[in-house]
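Below is one structure; the comments refer to it alone.
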Amino acid sequence: MSKLVFLVPLFPLLGFLVNGLGRKSMSKTMISVVGSGAILASFVVSLVLFFDVKANGGSVTTLFNFIEANSFKIPFAFQVDQLSSLFLLIITGIGFLIHLYSSAYMHEEEPQHFGRYFSYLNLFVFSMLLLVLGANYVIMFIGWEGVGLCSYLLIGFWFKNNNYNYAARKAFVMNRIGDLGFLLAVFWLLFKLGTATYGDVFAADNLSKLSSFDITAITLLLFVGAMGKSAQIPLYTWLPDAMAGPTPVSALIHAATMVTAGIYMIARSNILYTMAPATQTVVAVIGLATAIFAATIALKQNDIKKVLAYSTVSQLGYMFLGLGVGAYTGAVFHVMTHAFFKALLFLGAGSVIHAMHHEQDIRKMGGLKKYMPITHLTFLLACLAIAGIPPFSGFFSKDEILTASYSANPLYYYIGVAGALMTAFYMFRLYTLTFLGKFRGTHEQEHHVHESPWQMTFPLIILAILSVIGGLVGIPEVFAENAHSLEHFLAPIFAESAKIAEHHHLEKSQEYLMMGGSTAAIIIVIIFAVNSYKKYQATEEENAGVSKVLENKWYVDELYDAVIVNPLNALAGFFKNIIEKSGIDGLVNGVGRLVGYGSRQLRLLQSGQVGNYILIMVLAMVVFFLIWFNDVSIVQFFNKIF
Amino acid sequence: MNAIIVSALLGVVMMFSGIMFKNKTTYTAIAVAGLLFLLVANLLNSYGIYVIHVDTHFLLNFEQFGMFFNSIAIAATLIYVLLSGKAIEKMGVSVADHYALIFFVLCGVSILSSFNGLLMLFLGIEIMSIPLYILTGADKRNLKSNEASLKYFLMGAFSTGIMLMGITLIYGGTGSFTLGIDKSLSAGGLIPRTSFLEIAGLILLFVSMCFKVSAAPFHFWTPDVYDGAPGVFTSFMATIVKAAGFIAFVRLFDQHTAALGPSWRLLLGFVIVATLLIGNITAVFQQSVKRMLAYSSIAQAGFMLFALYGANDMAKEGILLYASAYCLATIGIFSVLIKMKDYTFDGFNGLAKTQPVLALATTICLLSLAGIPLTAGFFAKYYMLASVVKAGGSLGIVVIAVLFAAVSVYYYFRVIQAMYFKDGDAEASDVTTGYKVGLLLLSAFIILTGLFPSIILGWFYF
Amino acid sequence: MSTTEILFFLLSALAVFSAIMVLVSKNPVHSVLWLIAVFFAISGHYILLNAQFLAIVNLIVYAGAIMVLFLFVIMLMNLNAETEPQKHIWMKFAGAISGGCFLLMLVSLTRQAVEMGGRNAISGGNIGLIKNLGKALFSDYVVPFEITSVLFLSAMVGAVVIGKK
Amino acid sequence: MIPVSLILIPLITGLVTFFLKEAKTAKAWSLFASLVILAVTVTGIFFLPATNLFYDTPWLSEIGSRFSLVTDGMGKMLCLLTAVSFPVIFIATYKNDYKNPGSFYGLMLLAQAGLMGVFVASDALLFYFFWELALIPVYFLCSLWGGERRIAVTFKFFIYTFIGSLLMLVGILYLYYQTPDHSFALQSFYNLKLSIGSERFIFWLFFIAFAIKMPVFPFHTWQPDAYEQSPTSVTMVMSGVMVKMGIFAAIRWLLPIFPNASMQFANIIIILSVTGMLYASLIAIRQDDIKRLVAYSSIAHIGLMCAAIFTHNKTGMEGVMIQMFNHGVNVIGLWIVADVIEQQLGTRKFSELGGLAQKAPTLAILLVVMAFANIALPLTNAFIGEFLMFNGLFSYNIWMAAAAGVSVILAAVYTLNMVQKVLYGNTVATTENATEISGNVKWILVVLVIIVIALGVYPQPMINLTNDTVNAILYNH
Amino acid sequence: MPIQYYIYLCLTLFSIGIIGVLTRRNAIIVFMCVELMLNAVNLLLVAFSKMHHSVGLGAEGATSQAGIDGQLFVFFIMVVAAAEVSVGLAIIVMMYRNTHSVDINFLNRLKN
């Protein structure tokens, strides 16, 4: 069965090649069929694999030896186990839906760009699958940078607009910073263990070779990689800018799949993290900080996609919180549910933007409820899911993380809940401004507003269903014993960590209390948000004070420019203009000038006067005698010098 | 012995041919024939066949080294006459006499390559120098030529005085004029038994030889004389005569070098560095190619002095190789130079367009002078450095030498740049096909020697 | 103090004095005359050293031929004290100093040359006589003797080449 | 026999080319010659028995130098690189016109002969010969067909490298007289046991020569000017192949002969190289000229190789080996693009370019691939080399690896900057009527891209090709 | 007569010659000073030859020819000197013809 695994990435690769090479010749329908079909095919294969794994465990398939150097050997191998197969389903499934969606969303593009778009998208899926399937860190790194590349290409998809290009560049470079950390971690592993294959690295005897310092360093470096990829403080600023890309791209890459690569990677190496409590604390704190920080920014954004972007960042923060407190299952669970509802949100937003002719400012929307019922309904469900209203999927996953964080450190819990409340607030602010109230856009916009075609609504519906029921795979213990099927499914992956980590269960009463409390609070916040924005009128007056700061995202970009970018540029200029020209090259040329100068001086010796010539000769003779008869002292003198 | 006798007789022949024939080309023809004959005679000599057998009473000593150098010198002169014969004919009225003087110089050269004892050294040097004073002044109407001639003469006479004083002191110290017999010297450097008079004499002798080979700080006459003298004769002076000076120098000192000990090495080191410095650095800023070549000849002298520093078989082979490589290259360049309208660097601008063959030949000659591999010049320099390293001399001086070699590239390549990369219409007067062919053969030979130096060195072991 | 010694010192004094006069006298003609005086003194030394042949040759060749030639040229150009160019005083000074240094060097060397101690240039012996010199010249030294002819030839040719209008 | 033919074919064909006056014939002839050489190389390396890879005959018996050629793994790979790059260059610049083309292509082929010689010579003096023979044609090429500042710039480059090689000559001489049997043979150099003092001294004589050639940080200033001023096809030779001479020589002539010294000074050199990497990358960020940018980025890459050599780590060494080839391919690809742009639009300045992606999508795609190869994206060939080299560097010193890693980030910055400024955004005056690239360039670039990807996905053959050298260098001493 | 005396005397004359060369501008006078140097050398040679002769006398009696080479050398020096003078004066005259001066300080067309 698992021999089929190579098919999974193969289909998207083929799709990429076909679309990429044939984009000029093929028709749009053809292109979309090929693009989506490829993903569908691999989704099918993934399903097969999934059940295979469910039935009889994971397996590793080696295709060929990628690098076989002196000190180590890196096979090009795929590993299919519970974790990866789950991710396979998410990627290919949601991937397929989004491809389908795109075929309508991108329809105005001229054929060759349309083809380019789909080839990029396929390439992305391919790299993402490599990332997930790779049986060692190097293959994962290939996918890791591959998705970075695709994200670069897709963010800058409309390359005529230079701001988009800058956003793309920013995304790639920030990812590169993270990648360096990842790479160093890999080197560290190879240096210490001579292998980067999961199976070997996590083997007990190899782990015993690593000092606790090694593990801490490796995990930290890996986490740096995760920061870059999953947009955590301090490397998160690229994600909001990445919204420059087409909306489906944001849905697929910057919500559902790529940004969760960091979580996948940490979940994959959970044993290492469990063995490095220090790192875990770092992860938890940074995750929490990101969650709350991004949430505050999201409160005041007016671009529909920006809001979603920051909410993504914040949700990713929650996942890292979960990883940090050892709730690996919870994190993965949240990845899954988040993939559902966040993709849904983005697609809904896309459908709105599509309807509004690329208007993204929510202050200019409103009252779309009656024009686009499906979009509205699905969007609402998604909002409820992300806000964490039971029994929607978001509730279970978020609750699991929060509970775990409480048992780790109550403070985490309280901050987390605060973040959750903010989430509820800004989501419903967004919802209200978009769909409720009355229309605030221009007239001909109002004229054209319409529900999107089926290729767009169908994915919405599917995702809506998923985000409603998706949570049921992880019903907490408190409701029913062994109802948490996901946990059981993933158990083998986290078995080792589970052994090490200490378990302390809260008694049920407290858990009920926490759930109830948080849910109640969230509902209150929602009502408040809806009420306060139902009657919203676009006003010109500037925000002031805190809200201004929030609107400007805490001025973080400006801070980075001032602290890192500009000084670096200045340094580069200094090197280019001063050191290089005057310094080093000046030195080289200086030698030449010295020779020229000496030449001009020595020529004067040739005075043309016989008398002087002979005078010098005579003096030279005298000097010769002196040299000859004082040779010893002179030799000593030279020996002193040299 | 053959070389000495025949060249002297040929000198006389040229004198009388001046009376008999009026056509100038005839003189060149006779000279060429004579040189060929001279070459043959000298080769025969090295196979032990003599025109007349003379008992030299150990005043002359014919060894392969000297014989071989004679052949080189004569061959070089032959090439010189073939390439620059026209120019010699143009120079003044008494062409035949000039040829005669050239032959007398060759006589002196062949004495210097075989002298055994200071007396013959002295005579050889004088026989070589006196005709040169005349040749330098051959362009009688030209004030520069006169001035050069007078300068050369005065300083030459002065250095003769110095040399004689040196010889005298040596004689006083050792009681003989013959070389290398004084055991107190070869016993190893400055031991008390060594006569101070002799040391003083050797130093003075060294000084005068340095003067002859234009080693700093006794080089001052060189730029002025080479610059002032008519181009044709400059090329003769700068090549064959200078090489002969070096041969004499080496033959004079090579036994002593070991004996004279560290102070000798020190002194020589100073002279070498000074020569390289002055020659190379001063050449950098010259505007006239002729004068640049004068300075470069000083620089080359600095390299040739390594033969004395090394003073081993390597050095002896090397000096021969160097002499031939240097002579060929310089003769080639001068033969082109004297055809140019103006002698400055700009005068060469764009020669590659107007006269590609000349440009190519000049380039190869310059590369050879610069010691670029694949040319004879490389192995010449290589042998010099190798002899020093082999003799266990200090690497420092070798490094200095190569750095100066790099400097030399600077001014040699200025000519190449002018010819190839700069735009201009340099024209060369009366360039015949024969001349071109000759140049090409010359450059071909230079390249060949650069690939297989054994072409020349092989002779050395016959 | 024997007569030879007295003569030696007299002649030396004469030689050095006249030599200095060659330098200092403004008029070239006087310089020539003083130089001739030097040559005479030196010939005197030769005689003291019993080298009669050289003494005579010295007088004939130098004092006779060469100096007359000089005198002749000077007359030809009618150089005299007025036309005589003078070097800058500092140049003279430098020249004198460096020459002096040179002299000092060699003298000091001679003083260190211990092996010269107690060795004399005797006036006895007869190698200076024409008979012996002639024998040696035409037996052992015949080759250089012949070769000098080349020297004269070249000098002659040269003089002609240069002298021709 | 193979190595001899590798030297002789370009030599003879080159000399013939001088006499071809017609541009078309000269181009066709030289292209044909280079293809023949490629064929010979491939057959010789992959198909003929290894005995053909050695050649030895007396040359200068009187000074103990033999005309002996040995093609070990590294030699094979670099010969392959040389043989591949020349046809590529000829095809890519086939449309360019040079005044008196005969001499141009003749000199190119002569340079190729010299390069081949350097890579196969196993006799010190012979090596020195070819070292210069490779330099001189390039000097004339640059000075005759280069940009307006060509003469001064090229002259500086020439003198600079010439000083280096002269110092090396002194070193060679010294070693020669240290050898018991007075021979220049590489093997007898390897067997030398030098006193530590002299080893230190001579080491630097050699290293400076190679450092100038590579070039390593403080000796690099000739390079950007030379690359900028010389005609692009020559720049390709210089940066694609000639700089490898330095690396090659350092591996073959430095490490084994001076084991102790190279151990002792490794830290200095590695620090220099890493400094150079950061320095060059930073400067590259501020460049406005494609050629200068590529020049500086190439300095950075070379710095990494140099550092990896002196880690004395096998993995790192393997990385250097394969990277020598990859860097050659990638940088030639970039130069081709630069040349196309310059030929078509008459400028290389970013500030005067933009929006080419709309006009020439194919060019855009190819350039993007080359650019990402330049920043060592996985599945491109450069990734393999840099991955291995970083491994070596890491096991030498973690902080060095980290510092060097920063330059990888900077590489992304400047390369993407170039891509963006050239391809993206709206078209400007110069690029208004730009057109798609012509067939020959397109196909040659496609070939290069295929090589890039293929070696990036399956590098193992390349790594195995040079195993013998790596073992010999690191474990026999 | 102790040989040192002769040495000192000749060195003195020689140095006077040098000083003359250095201090006079008249080419002819300079040349004369050179001749003075040569004569000093001659005298010294003769003195040395007699010195060596005395040794020879001591060794092999009255028939000894030791030291005769010195005197012959003097003879050759005179020959050379004569030749030099003829050429030198010719050159000086030629110079005078063109410039009407024998001042060596005017010989400065060639320099640097």
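Owing to the predicted nature of the structure, the values given are computational and were not obtained by experimental measurement. So that the names make sense, note that chain A is the first sequence line, chain B the second, and so on, each numbered from 1.
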Check: D:Gln460 and A:Phe64 side chains under 4.5 Å, non-hydrogen atoms:
no
Give, as side chain, backbone, both or neither, the part of D:Val470 having an atom under 4.5 angstrom from any heavy atom of chain A.
neither
Are the side chains of A:Leu180 and D:Val408 in touch, meaning some heavy atoms are under 4.5 Å apart?
no
Which bit of A:Val591 comes within less than 4.5 Å of chain D, counting heavy atoms only: side chain, backbone, both or neither?
neither
By number, which residues in residues 144-155 of chain A have some heavy atom less than 4.5 Å away from chain D?
A:Glu145, A:Leu149, A:Tyr152
Aromatic centroids of A:Phe187 and D:Phe387 separated by under 6.0 Å
yes
With a 4.5 Å cut-off on side-chain heavy atoms, are A:Tyr166 and D:Gln420 touching?
yes
By side-chain hydrogen bond (donor to acceptor under 3.5 Å, both in side chains), D:Thr315 pairs with (sequence neighbours left out) A:Ser71, D:Asn313
Can you tell me which of D:Asn467, D:Ile285, D:Ile384, D:Val406 forms the most heavy-atom pairs within a distance under 4.5 Å of chain A?
D:Ile384
Contact origin within A:Ile142 toward chain D - heavy atom pairs under 4.5 Å:
both
Using a cut-off of under 4.5 Å for heavy-atom pairs, which of A:Asn165, A:Ile67, A:Ile584 has the most such pairs with chain D?
A:Asn165
Sub-3.5 Å donor-acceptor pair from the side chain of A:Glu580 to the main-chain atoms of D:Ile283, do we have one?
no
Comparing A:Asn577, A:Asp585, A:Asn65 against chain D, the one with the most heavy-atom pairs below 4.5 Å turns out to be A:Asp585
For A:Trp188, check side-chain hydrogen bond (donor to acceptor under 3.5 Å, both in side chains) against everything at least two apart and list the hits.
A:Asp214
Any non-hydrogen side-chain atom of D:Leu377 less than 4.5 Å from a side-chain atom of A:Phe172?
yes
Just verifying a value: how many Å separate D:Gln358 CD and A:His113 NE2, rounded to the nearest 0.5 Å?
7.5 Å
For D:Ile463, is it the side chain, the backbone, both or neither that has a heavy atom under 4.5 Å from a heavy atom of chain A?
side chain
Below 4.5 Å, heavy-atom pairs only: which of D:Asn417, D:Leu423, D:Thr427 has the largest tally toward chain A?
D:Asn417
Is the shortest heavy-atom distance from the side chain of A:Leu568 to the side chain of D:Leu410 under 4.5 Å?
yes
For atom NZ of D:Lys359, is the number of surrounding heavy atoms from other residues, nucleotides or ligands below 6.0 Å larger than 12?
yes
Look only at the side chain of D:Arg286 and the backbone of A:Asn569, and say whether a donor-acceptor pair between them is shorter than 3.5 Å.
yes
For A:Phe72, is it the side chain, the backbone, both, or neither that has a heavy atom closer than 4.5 Å to a heavy atom of chain D?
side chain
Sort A:Leu184 into side chain, backbone, both or neither according to what part of it lies under 4.5 angstrom from a heavy atom of chain D.
both
Sub-4.5 Å side-chain heavy-atom contact between A:Phe191 and D:Ile398
no
Under 4.5 Å heavy-atom distance to chain D, tell me which part of A:Ile177 shows up: side chain, backbone, both or neither.
both
May I ask you to name which of D:Leu388, D:Ile409, D:Val419 has the most heavy-atom pairs under 4.5 Å with chain A?
D:Ile409
Any idea which of D:Leu282, D:Ile365, D:Asn391 has the most non-hydrogen atom pairs under 4.5 angstrom with chain A?
D:Asn391
Under 3.5 Å, which donor-acceptor pairs link side chains of residues 368-376 of chain D to any protein atom two or more places apart or in another chain?
none

A side-chain contact here means heavy atoms from C-beta on lying under 4.5 Å apart; do A:Arg23 and D:Pro361 qualify?
yes
Could you measure the distance from the OG1 atom of D:Thr221 to the CG atom of A:Leu587? Nearest 0.5 Å is fine.
9.0 Å
What is the distance from atom CZ of A:Phe141 to atom CZ of D:Phe383, rounded to the nearest 0.5 Å?
5.5 Å
